[in-house]
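None of these values were measured; they are calculated from a predicted model.
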Amino acid sequence: MTITIDGCCQLELGLNSQHDVLKLLERMDRLGIARCVAFPPDECFAWENESGNEAMITLMREHPDRIIPAVTVNPWRPNARQVLLRGLERGGLPAFSPGVQGLMLSDRKLDTLLQLLMDEKIHRPVYLHTGHHSHGAPSQLALLAGRFPQLNFIMGHSGATDYSTDVVPVCRMCPNIYIESSFARPPGFVVKLNQIGFDRGIFGSGYPFNSVEFEWSEMKRLLPVEHQTAVLGGNLTRLLKEHSA
Amino acid sequence: MIIDTHIHWPVTMNSDHKSFLQILDRFNIDHVLLMGYEVLWKVGDVSECNDRLVEFCGKVPNRMSPLATVHLSEGERAVREARRCLEKLKVCGFKFHPWVQGESFFREEMYEICRMAGEHGVPIVFHDGTPPYSLPSQIGLLAEMFPGTLFTLGHGGILFYWQEALETTKRYNNIIITLCGQHPWAMQKICDQVAPDRILFGTDFVGPGAEEYIAYRKGLVEGLKLPSELREKIMSKNAQRIFKLS
């Protein structure tokens, strides 16, 4: 049976976190979404890395069949490798947001952290937020992905909005890049998958900035029926399984 | 009633107004502020494009109103064309897309056009949300320089500059913001914080083949929590007043 997954949800920390996650899970239940990738808020990408990672991993432990925790570290930190490793060892999906973390997506500082994945044989896909004008261009991701052909990369937000034109040439050049749909708008996202293949697409709602219900229903409305299983969870499940083997 | 204040059609390549109207009907859009599309990419002569746009809208004036453009890099010719659009073609306003048109608007030709637009009481609609030529704060500088002219942020900052768009709109009373391109979280903040008379709706439909964007963008706004009076203003009344639509 294929698992349905929302590939991009951001959850709150602190007092509201329990309420937030239960509310999200309830909405997922109503839609038939089994799992979601849970990202900590921006401040946890920028600075409070450990508390964000810890919170997402705790959520996974509380809801093991529902939450896939994203973990991160700011690559500028001197102890970045240790912080990331701690998150990865406990099951985290590595994620970076160069625009928030203050470096270009193609920056060599990320190499050290990606090399850590290789060294530790933790070959999970790496989620990278794209779309920030100076720091998140898909072409920058192509440089990074070209240096690590053994890893798979998820192009978070598919370059939305102003790099929409770059997504197809980048994906044609880099077979190890998959695209995630949040903020890229279902009509345009489906057009891109038509050109690069539906086996490269990952649905993400962008909760709470977008409505899970509306993004899910629009994606289902616009995706060809024969590709819904893949994009709505199958592709990400395959990536996660491939790399846990 | 729905007035879409941000919609394109490639009028020099497709003059079939009936197919355009069919699209509007399909999505229950009553009136549009229409901009060209190919003209922004500098395809063809800009005067001819403006003529064709006005001619296209003139076929069904109760459904379509034209927003002309000029290319600032054409210097004095741009100013003359803008004057012609106002005085002879009687356009409802101007549209500038500095990112696609590849021109900074901090130049004398733009200032002259701002003065003219203010004198004629027509707004200037900008693409915004994209550096280095289309930041909301840059448009805010124009608003400060020309307090008698209305400026519209055609995207309200899109994804990365919506907070800047919100700040700019709060600071300058002659800035109008459009719900068109942001995520609904940002749209809701805008609706909660901006004066009700200064918010518009747009789809950014760019022409044949992109119809689903209209459904998507309408759906986003339909999901917002808005009092009915505010919704009515955003969806039609503000546009009627700002663009002087009869």
Side-chain angles (χ1 to χ4, degrees), chain A residues 8-12 20 27 41-42 97-100 129-137 156-166 180-195 204-224, chain B residues 6 23 26-27 41 97-100 102 127-138 154-165 179-190 202-225:
Chain A
C8 182
C9 293
Q10 183 177 300
L11 294 176
E12 287 185 42
D20 192 30
R27 294 167 78 165
D42 280 357
S97 182
V100 173
H129 289 252
T130 63
H132 286 116
H133 291 96
S134 301
H135 298 73
H157 320 317
S158 302
T161 57
D162 293 336
Y163 290 115
S164 163
T165 48
D166 300 15
E180 183 269 314
S181 71
S182 58
F183 309 110
R185 296 132 191 182
F189 187 73
V190 171
V191 168
K192 287 178 186 64
L193 292 183
N194 254 316
Q195 297 176 67
S205 70
Y207 171 90
F209 305 101
N210 283 323
S211 148
V212 185
E213 290 84 355
F214 186 60
E215 296 295 317
W216 183 256
S217 69
E218 282 291 281
M219 193 64 87
K220 284 183 85 164
R221 182 173 75 81
L222 295 166
L223 271 175
Chain B
H6 193 141
I23 294 168
R26 179 180 157 200
F27 295 103
W41 300 88
H97 200 312
W99 169 37
V100 168
H127 168 90
D128 76 299
T130 311
Y133 294 148
S134 302
L135 293 176
S137 55
Q138 291 173 309
H155 290 294
I158 321 183
L159 291 180
F160 298 113
Y161 299 92
W162 65 268
Q163 283 147 317
E164 183 178 316
L179 304 182
C180 179
Q182 311 95 329
H183 48 62
W185 174 288
M187 289 182 181
Q188 188 69 54
K189 298 271 182 208
I190 289 165
T203 62
D204 198 19
F205 170 63
V206 294
E211 289 81 359
E212 292 303 337
Y213 276 94
I214 303 179
Y216 181 71
R217 291 254 160 79
K218 272 186 69 187
L220 292 181
V221 175
E222 280 163 11
L224 300 179
K225 293 184 180 74

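- Heavy atoms of Glu215(A) lying under 4.5 Å from chain B belong exclusively to its side chain.
- Pairs passing the salt bridge (Lys or Arg N to Asp or Glu O under 4.0 Å) check and including a residue from residues 180-190 of chain A, sequence neighbours excluded, do not occur.
- Interface remark: of the candidates Ser211(A), Ser217(A), Pro186(A), Pro186(A) forms the most heavy-atom pairs closer than 4.5 Å to chain B.
- Contact of His132(A) with chain B is made through backbone and side chain together, with heavy-atom distances under 4.5 Å.
- Of all residues in residues 213-220 of chain B, those placing a non-hydrogen atom less than 4.5 angstrom from a non-hydrogen atom of chain A are Tyr213(B), Ala215(B), Tyr216(B), Arg217(B), Gly219(B), Leu220(B).
- Between Phe209(A) atom CZ and Gln182(B) atom CD the span is 14.0 Å, to the nearest 0.5 Å.
- Top candidate by heavy-atom pairs under 4.5 Å with chain B, chosen from Gly206(A), Gly188(A), Gly99(A), is Gly188(A).
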Requested in this report: Kindly indicate, with the supporting measurements, whether the criterion side-chain contact (heavy atoms from CB on, under 4.5 Å) is fulfilled by Asp162(A) and Trp99(B).
Outcome: CA-CA 10 Å; Asp162(A) 293 336; Trp99(B) 169 37; 3.6 Å; yes
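- Going from atom CZ of Phe160(B) over to atom NE2 of His157(A) covers 6.5 Å, rounded to the nearest 0.5 Å.
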